[in-house]
Amino acid sequence: MPSRYAPLWMWCLLLWTLAVLPAAAAARSSPPPPVQQIHKCRVEGVATFQRHACAPGQAEQAWEVDVVPAERRHAARIEAIRRELQASKEALEARRAPPVQQRRPRATRRDGVAPRRRARAPPGAVISLHQQPRACAAARREQAAAYARAGSRRGFALSRRMDDRVQAACR
């Protein structure tokens with residue numbers, strides 16, 4: 001039976017999302033992220049990458065790189081998770097909504113009296129697996145004693161006979 005409440009991981013994800021979304025929204029409304037330059041320099045035949053400009057004659061190439069591309073990826077991932085959570089929440093609420101049912105008229109017998117309803121077992125009622133639990137326990141004890149007497153020389157016939165007795169007693 002499904003739980004009435006959302007699983008713990010959904011709550012954790014929701015709290016995490018609520019903590020990160022305001023930061024993501026602030027990042028969207030802020031000016032474009034700063035750009036940083038990366039310089040590739042060749043010093044004595046070895047390529048090095050650095051933030052500041054190369055010495056004269058050592059510069060090979062320069063790039064402009066976004067400083068915060070990871071934050072954008074995280075914001076997009078968080079938005080996707082938020083949409084997924086919202087969809088699963090709506091699906092769960094749709095399943096929980098009671099179906100609209102029309103009431104059936106009560107059936108009556110010819111004499112005008114409504115038939116009795118059959119009594120059902122209360123939910124959680126314990127039903128015994130064995131008709132005679134004591135006989136089952138005795139058969140199991142007898143089986144264990146027989147196996148102990150036979151030891152390692154126990155044959156198939158003895159095992160089959162004792163298993164059949166236990167099965168018959170424990171139905």
Side-chain angles (χ1 to χ4, degrees), residues 1-30 33 36 49 65-171:
M1 179 173 179
S3 173
R4 198 175 125 186
Y5 302 103
L8 179 62
W9 67 267
M10 285 182 122
W11 288 109
C12 292
L13 191 59
L14 177 67
L15 289 174
W16 180 76
T17 305
L18 291 175
V20 175
L21 275 180
R28 274 190 238 125
S29 64
S30 63
Q36 184 179 22
F49 294 89
V65 181
D66 262 348
V67 177
V68 232
E71 286 183 17
R72 287 189 201 150
R73 276 198 313 268
H74 292 307
R77 175 81 176 124
I78 289 168
E79 183 62 24
I81 290 170
R82 189 192 63 71
R83 277 187 259 118
E84 182 181 339
L85 280 174
Q86 184 65 28
S88 65
K89 178 183 170 188
E90 289 170 0
L92 184 63
E93 287 174 355
R95 276 189 287 171
R96 283 189 189 156
V100 178
Q101 295 180 353
Q102 294 178 355
R103 239 181 150 180
R104 295 186 321 187
R106 291 184 67 174
T108 57
R109 296 188 304 213
R110 287 185 191 161
D111 58 0
V113 178
R116 274 200 227 166
R117 291 188 178 192
R118 293 183 184 158
R120 293 185 182 175
V126 177
I127 300 171
S128 174
L129 297 176
H130 312 293
Q131 290 180 352
Q132 300 173 354
R134 289 185 180 156
C136 179
R140 288 190 190 276
R141 283 192 303 273
E142 183 183 349
Q143 179 188 38
Y147 286 168
R149 281 192 305 269
S152 62
R153 296 177 313 217
R154 178 174 76 194
F156 177 75
L158 174 67
S159 295
R160 177 65 188 258
R161 186 171 62 245
M162 296 311 296
D163 289 346
D164 287 346
R165 283 186 187 173
V166 168
Q167 183 180 10
C170 296
R171 283 189 218 179

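One is the number of the first residue; the rest follow in order along the sequence.
For the side-chain hydrogen bond (donor to acceptor under 3.5 Å, both in side chains) test, residues two or more places apart in sequence or in another chain that qualify with Asp163 are Gln143, Tyr147.
Here the shortest heavy-atom pairing between Ala169 and Ala139 reads CB-CB, 3.7 Å.
The only option from Glu90, Glu84, Arg83 that meets the side-chain contact (heavy atoms from CB on, under 4.5 Å) definition with Gln86 turns out to be Glu90.
Judged as a salt bridge (charged side-chain N to carboxylate O under 4.0 Å, His left out), the pairs with a partner in residues 141-158 (not counting sequence neighbours) are, in order, Glu142-Arg165.
In this structure the side chain of Arg161 reaches within 4.5 angstrom of the side chain of Leu158, judged on heavy atoms.
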